Amino acid sequence: MLMTRMLVPTLREVPKEAEVISHQLMLRAGMIRKLAAGVYTFLPLGYRVLRKVEQIIREEMNRAGAQEVFMPALLPAELWKETGRWGVYGKELFRIKDRHDREFCLGPTHEEIITDLVRNSINSYKQLPVNLYQIQNKFRDEIRPRFGVMRSREFGMKDAYSFHATEESLDQEYQNMYQAYCRIFDRLGLEYKVVEADSGAIGGGYSQEFMVIADTGEEPVYFCEGCDYCASRDAAGVAEYVVSETQTKSDGKPEKVKTPDQKTIEEVAQFLKVKPAQMIKTLIYETESGPVAALVRGDHELNEAKLKKVLAVEDLKLADEKVIKKVTGAPLGFAGPVKLKNVKIVADHAVLLIENGVTGANEQDFHLTGVVYGRDYKADVVADLRYALEHDVCPRCKNSKLKVKRGIEVGHIFKLGTKYSKKMKANFIDENNQEKPFIMGCYGVGVGRTAAAAIEQKNDKDGIIWPISIAPYQVAVIPVNFDEKDQREVAEKIYKELSVEGVEVVLDDRPGRVGMKLKDMDLIGFPIKIIIGPKGLKEGKVELKLRSTGEMKLVDKGEVLQEVLGILG
RNA sequence: CGGAGCGUAGCUCAGCUUGGUAGAGCGCUUGGUUUGGGACCAAGAAGUCGCAGGUUCGAAUCCUGUCGCUCCGACCA
């Protein structure tokens, strides 16, 4: 491709709307342009990258035995009403009406559609398992689209759905997809981690997220330095504390002290001159099965997902002042576990180890000091309730420490079970002539987001550093001065040689100075540059420069092809 | 949805307080000199100042409304 024929509107300055580096660079390199908030056009270079990512995904999905289909983006409301998601999905669903006032939406995901297809075309266990996928644009009316194509309202996604007769079959396919995903992200040349994600309130569901590690990632990733443990913030476990038998406990009784208007942990800790770690934070929650008091150490943060799981409830919310008053007898800020009645008490492991604990006295403007677990209060349940912290001991190997990095979620794999098939009466006949709901899995990869994540991970002050597997072109041929006959001829010859061999190559045939051209080529991030200038040409040589390392090599002009093919492997 | 901010040339921004000819840099066009990491000279094109209404002899500037965009939070996961 000739640069003079290509639409590549590079920008020298950073458009002010772009905050993260991938967004800035995609705009500056002329890969995307915004049409509306969270809606982007992919220009020729950007689209090539997108198609390459798609192609890698497609090849690995096919290799894993999945079949590609293509479902509509325009979806009738009825199917969504069957599963109840027409109501549940809320404002994030783009809803439209046709001329007859019939309700439709633009698909944010396709569980209902694929389940409908399968229930209508598969009747017997003999036709299972099956894994169907598509690569298609999804629509989600994000509350706040941001970071360019990283979180947009229309975005490309590969979504796969598998259907099984047995749990074992699902487990097998889940592993198969796990492997396929690893191959995909390996081929993309990205550093990633697979985290155990919290599956929410849906029992039995198990899911893992593929996270590309990058400083600008939206979610923290907790992983062990010693073993392969890796989890999201919600799911990261905390190793159980071993209660030492030699631990001394404070004598006597808890003492009541006046703490006027001191409500927060910080306020009370400062007022009484104790460390937050010595305090027992008491949070009152409302659930569908009554109020609950959750205890964590003052310097720890309660993880509601864990609490939900421990209590086995679906609804969980912090109680308002009225409920707190009813439960503790005191206003907000003075709750404590001592003599707390008619409420289930759940404590984090770390709370049991507090000697001389400080906590609310369940009385306005009073706290208790010298509180000890076992003697002064007891919990109905002791469990892991808090968010893990960096440097915590790994909950799996209990040997090394946890580290935290940030990640961008680019893929997730999920065991759905029968959540959709039951609601949609999607059944098959098993070998015992029994009618059973399909057991399902689903597996997604964000295409545009993956491209953006690659940039977040690989860039420098000059621009993007594409992995060769998804670079828009592999090689850029750059004559220092295209007007000079000998440079031009060599450049065109090399360009043709490479093209004939199937190498993806651009020829920078633009007039103008070489500095401008090199800046553009680096900004766009072509992995290999071949620079043809008068100095080298005198010796019959051209420069071959790698974007990733900056490494430069003088190569005989006749051997460029071999060199390039060698690098591309 | 709450809070903050911004809409002036393709991009980055000045001008607005104190109303009176529409500005700069980069980019673009033409000509010339240049050509190894975003050159220089000369000439030029380009904006209904987001939109609508109001005040005024006169509005980019003041007032009201509206639309769009960005950030923080809430929400979602």
Side-chain angles (χ1 to χ4, degrees), chain A residues 7-20 23-24 27-30 33-40 43 85 88-93 108-109 138 140-148 150-153 195 197-202 205 207-209 211 217-220 232-235 303-305 308 317-318 407-412 414 444 446 449 460-463 476 478-488 491 508-524 529-538 541-543 545 547 550 552 554:
Chain A
L7 179 61
V8 188
T10 55
L11 263 24
R12 192 185 296 204
E13 284 169 288
V14 182
K16 62 175 174 182
E17 70 198 46
E19 207 197 349
V20 296
H23 189 194
Q24 294 175 351
L27 286 167
R28 285 190 56 211
R33 283 295 183 267
K34 183 175 71 177
L35 182 62
V39 183
Y40 290 86
L43 277 57
R85 286 212 293 180
V88 175
Y89 222 98
K91 288 184 187 159
E92 217 167 290
L93 195 60
T109 174
K138 305 291 188 202
R140 290 182 194 172
D141 196 357
E142 291 281 347
I143 295 174
R144 189 137 87 81
R146 56 183 138 179
F147 307 148
M150 217 109 79
R151 182 181 283 265
S152 50
R153 297 194 293 176
V195 308
D198 181 75
S199 54
I202 313 152
S207 83
Q208 286 169 300
E209 291 173 352
M211 312 285 290
E218 285 192 82
E219 287 178 59
S232 70
R233 181 165 135 89
D234 267 348
N303 180 337
E304 294 188 1
K308 248 183 186 173
K317 61 170 187 183
L318 268 173
I408 300 162
E409 181 191 341
V410 289
H412 84 265
F414 204 105
R449 178 181 279 197
D460 63 14
K461 63 171 175 28
D462 292 318
I478 307 152
V480 167
N481 184 350
F482 197 65
D483 290 334
E484 292 289 336
K485 186 161 167 272
D486 42 347
Q487 288 177 44
R488 184 172 67 232
D508 197 346
D509 57 338
R510 295 176 297 176
R513 304 173 79 87
V514 70
M516 176 271 288
K517 295 194 232 181
L518 291 171
K519 286 285 182 196
D520 267 358
M521 299 295 108
D522 285 347
L523 177 60
I524 294 164
K529 288 191 293 284
I530 293 163
I531 304 161
I532 297 136
K535 287 182 201 162
L537 227 45
K538 264 185 237 161
K541 292 192 187 293
V542 301
E543 278 170 39
K545 209 166 177 183
R547 179 70 178 88
M552 192 271 275
L554 280 174

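In the text below, chain A, chain B and the rest are named by the order of the sequence lines, each starting its count at 1. These figures come from a predicted structure and were not determined experimentally.
- Base-pair partner of G73(B): C1(B) (Watson-Crick or G-U wobble, both distances under 3.5 Å).
- When distances are taken from the side chain of R146(A) to each of U35(B), U70(B), C72(B), the shortest belongs to C72(B).
- When distances are taken from the side chain of A36(A) to each of G36(B), C26(B), C69(B), the shortest belongs to C69(B).
- At least one side-chain heavy atom of R33(A) sits under 4.5 Å from a side-chain heavy atom of L27(A).
- You'll find that the side chain of N481(A) is closest to U35(B), out of C69(B), U35(B), G37(B).
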Heavy atoms under 4.0 Å is the rule here; annotate nucleotides 3-11 of chain B 5' to 3' with B where the base is hit, S where only the sugar-phosphate is, and - elsewhere. ---S----B
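- Here the side chain of R140(A) pairs no donor or acceptor atom with the backbone of E92(A) at under 3.5 angstrom.
- R12(A) pairs by the side-chain hydrogen bond (donor to acceptor under 3.5 Å, both in side chains) definition with nothing, not counting sequence neighbours.
- Each of K91(A) and P145(A) lies near RNA chain B, and the nucleotide nearest K91(A) is the one positioned closer to the 5' end.
- In the set G37(B), G38(B), C71(B), C71(B) carries the atom at the smallest distance from any side-chain atom of E19(A).
- Considering only residues two or more places apart in sequence or on other chains, E19(A) meets the salt bridge (charged side-chain N to carboxylate O under 4.0 Å, His left out) condition with none of them.
- Pairing of G27(B), defined by two Watson-Crick or G-U wobble distances under 3.5 Å, is not identified with any nucleotide.
- The listed nucleotides are G36(B), G38(B), G37(B); the one nearest the side chain of D520(A) is G38(B).
- Here P534(A) lies in heavy-atom contact (under 4.0 Å) with a base.
- G47(B): no Watson-Crick or G-U partner with both key distances under 3.5 Å is found in any strand.
- The separation between D141(A) atom CG and C1(B) atom C1' is 13 Å, rounded to whole Å.
- Within 4.0 Å of V480(A), counting heavy atoms only, lies at least one base atom of the nucleic acid.
- In a base pair of the Watson-Crick type (N1 to N3 plus N6-O4 or O6-N4) or a G-U wobble (N1-O2 and O6-N3), with each distance short of 3.5 Å, A9(B) is matched with no nucleotide.
- Residues satisfying the salt bridge (charged side-chain N to carboxylate O under 4.0 Å, His left out) test with K545(A), not counting sequence neighbours, are none.
- We find that NZ of K519(A) is positioned 14 Å from C1' of A39(B), with the value rounded to whole Å.
- A salt bridge does not link R488(A) to D483(A): none of the charged side-chain nitrogens sits closer than 4.0 Å to a carboxylate oxygen.
- Nucleic acid contact class of D462(A) (heavy atoms, under 4.0 Å, all strands): none.
- Taking 4.0 angstrom as the limit, R513(A) places none of its side-chain polar atoms (N or O) nearer than this to OP1 or OP2 of U34(B).
- Nucleic acid contact class of K517(A) (heavy atoms, under 4.0 Å, all strands): none.
- Within the nucleic acid shown, G90(A) has no heavy atom closer than 4.0 Å to any nucleic acid atom.
- Among the nucleotides A74(B), G38(B), C69(B), the one closest to the side chain of R144(A) is A74(B).
- Of all nucleotides present, only A52(B) satisfies the Watson-Crick or G-U wobble test against U64(B), with each distance under 3.5 Å.
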Output side-chain donor-acceptor pairs under 3.5 Å for residues 512-524 of chain A, partner residues at least two apart or in another chain, one line each.
residue: K517(A); atom: NZ; partner: P479(A); partner atom: O; Å: 3.0
residue: K517(A); atom: NZ; partner: R510(A); partner atom: O; Å: 3.2
residue: D520(A); atom: OD1; partner: T10(A); partner atom: OG1; Å: 3.1
residue: D520(A); atom: OD2; partner: T10(A); partner atom: OG1; Å: 3.4
residue: D520(A); atom: OD2; partner: R510(A); partner atom: NH1; Å: 2.9
residue: D520(A); atom: OD2; partner: R510(A); partner atom: NH2; Å: 3.4
residue: D522(A); atom: OD1; partner: K529(A); partner atom: NZ; Å: 2.6

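- For E209(A), there are no side-chain hydrogen bond (donor to acceptor under 3.5 Å, both in side chains) partners at least two apart in sequence or on another chain.
- Both distances falling under 3.5 Å, in either a Watson-Crick or a G-U wobble arrangement, place C40(B) opposite G32(B).
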